[in-house]
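Take a look at the structure below.
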Number of protein chains: 2
Amino acid sequence: MKDLATDYQGLADKVVEVAEDVSTKGRLVEAARELFLLQGFEKTSVKEILNKAGVNSGSLYYFFPKKEDLLVEVLEKYKTLLWPMVIDPVFQRVNDPIDRVFEILNGYRQMLEMTQFTHGCPIGNLALEMSERSDLVRQGIADNFEGWQLAVRQCFEDAGERLPQCVDRDKLATFVLTTMEGGVMLARAYRRIEPFDDGVDMLRLYISQLLAGPENNSGN
Amino acid sequence: MKDLATDYQGLADKVVEVAEDVSTKGRLVEAARELFLLQGFEKTSVKEILNKAGVNSGSLYYFFPKKEDLLVEVLEKYKTLLWPMVIDPVFQRVNDPIDRVFEILNGYRQMLEMTQFTHGCPIGNLALEMSERSDLVRQGIADNFEGWQLAVRQCFEDAGERLPQCVDRDKLATFVLTTMEGGVMLARAYRRIEPFDDGVDMLRLYISQLLAGPENNSGN
DNA sequence: GTCTATAACTTGATAGAC
DNA sequence: GTCTATCAAGTTATAGAC
């Protein structure tokens, strides 16, 4: 189930450390994370982060010489928490590998509805705002996308022979990410869930056709 | 061919007016457009816009009381130029309605490659950066997406009976937009064209299956 | 409509005591 | 590691002459 997270147990300590970090540094990262998510990097001032974290200027710059260094740490946090906070709960609720993909998508759907489209994909937002900034930031974003893509690809690989052999699992997983990010963007712009749902519906239809495909005799 | 742009001839004057506008106002909008595209709204200062346009502060604020008003005008410009600058050239090069859809997608692909991923989708960038800003801005973004969606939907409608009747043209067009925006985002993050191509490939396969299978079932 | 000068404020970042 | 005080530069926006 977790071939791709072989070092998961080793990660566990770090996860607790990251998720429940109430140190000055940890509070700064969490405050920055929330503000960047809601407002973006540029719109968020250092002062806002300081206020939200209850930290003084001197302390911030002791840990993070530049505002951008904070962003790098935020991206690191997203990466660390992906499996324990996003993927594992889905994998526990749902067993069928294909259903798991749609449950991951459903997680983003719920976020859109619950926040009334004020929260988008944290990574996607930063991807478009920051991709021409430092290479370290862009790499952190790419790493996050790769984490998601890996999780989804794992599902398709776990589906085994239910998917025709000719289907490229890697590309299909990328396509799921594409649909997710594009769907979130349109849904937020329209403030309607339909564009997101339309994308997922198309994906569902497409995959169900693959599962029931001609060269596939024992499909679901 | 242009059922959806019935007032096109009437638009023509406005298009020329907008595209070749070298007035102070026009230069301001064009300078702002280029800078917003490359840097985003927040990162771009009014001073930069002024320098690029060769205009003084007083003139800008004579036309646009707020920086955000400039953005609204930029979005208006994108909307006005969509057909003459993007859609019409594609429709002239390519006749087959399905091929037209992929030629539209190919336009974005070329932009990604030519600019080495520094330019993304102008609307997509602003959508994620500004969707929680004023409602006027968000509406301008939604209007632009709608323009693109309409053009793509037109193609699918022009495909007539080649597409099974059960296929929802509207949703399929939205799905194309979703794929385009998601693909652009991932390609920029990775600085590789493959994620974009993967999405388009999947879309192509999906649509070719729709075109081929007359007994294709389960519209949604 | 356009110009110059500048107000009023916020920005990211630093210095140095503790 | 954390505090206060503060800097220099940059920010959006305005005033008033022409």
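Numbers restart at 1 for each chain; the letters A, B, ... are given by sequence-line order, proteins then strands.
By the salt bridge (Lys or Arg N to Asp or Glu O under 4.0 Å) test, B:Lys67 is found to be paired with no residue, residues two or more places apart in sequence or in another chain being considered. Applying the salt bridge (Lys or Arg N to Asp or Glu O under 4.0 Å) rule to A:Asp69 yields no partners; only residues at least two apart in sequence or on another chain are considered. Contacts of A:Val137 classified as side chain to side chain contact (heavy atoms under 4.5 Å, CB included), with partners at least two apart in sequence or in another chain: A:Glu68, A:Leu71, A:Val72, A:Leu75, A:Met130, A:Ser134, A:Ile141. Residues satisfying the side chain to side chain contact (heavy atoms under 4.5 Å, CB included) criterion with B:Lys79, sequence neighbours excluded, are B:Glu76, B:Asp143, B:Asn144. Considering only residues two or more places apart in sequence or on other chains, B:Lys77 meets the salt bridge (Lys or Arg N to Asp or Glu O under 4.0 Å) condition with B:Glu30.
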Exercise answer: donor-acceptor pairs, residues 51-59 of chain B side-chain atoms, under 3.5 Å, sequence neighbours excluded:
from: B:Lys52; atom 1: NZ; to: B:Glu34; atom 2: OE1; distance (Å): 3.4

Per-pair distances, 0.1 Å, donor-acceptor, side chain in residues 189-196 of chain A, under 3.5 Å, sequence neighbours excluded:
from: A:Tyr190; atom 1: OH; to: B:Glu146; atom 2: N; distance (Å): 3.1
from: A:Arg191; atom 1: NH2; to: B:Ser131; atom 2: O; distance (Å): 3.4

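Listed in residue order, the members of residues 58-76 of chain B having a heavy atom less than 4.0 Å from DNA chain C are B:Gly58, B:Ser59, B:Tyr62, B:Phe63. Of the residues in residues 26-51 of chain B, those placing a heavy atom less than 4.0 Å from an atom of DNA chain D are B:Thr44, B:Ser45, B:Val46, in numerical order.
At a cut-off of 3.5 angstrom, the base of C:dT14 holds at least one donor-acceptor pair with the side chain of A:Ser57.
Residue A:Asn56 places no side-chain N or O under 4.0 Å from the OP1 or OP2 atom of D:dT2.
Under 4.0 Å is where a charged nitrogen must lie from a carboxylate oxygen, and between B:Glu129 and B:Lys43 no such pair does.
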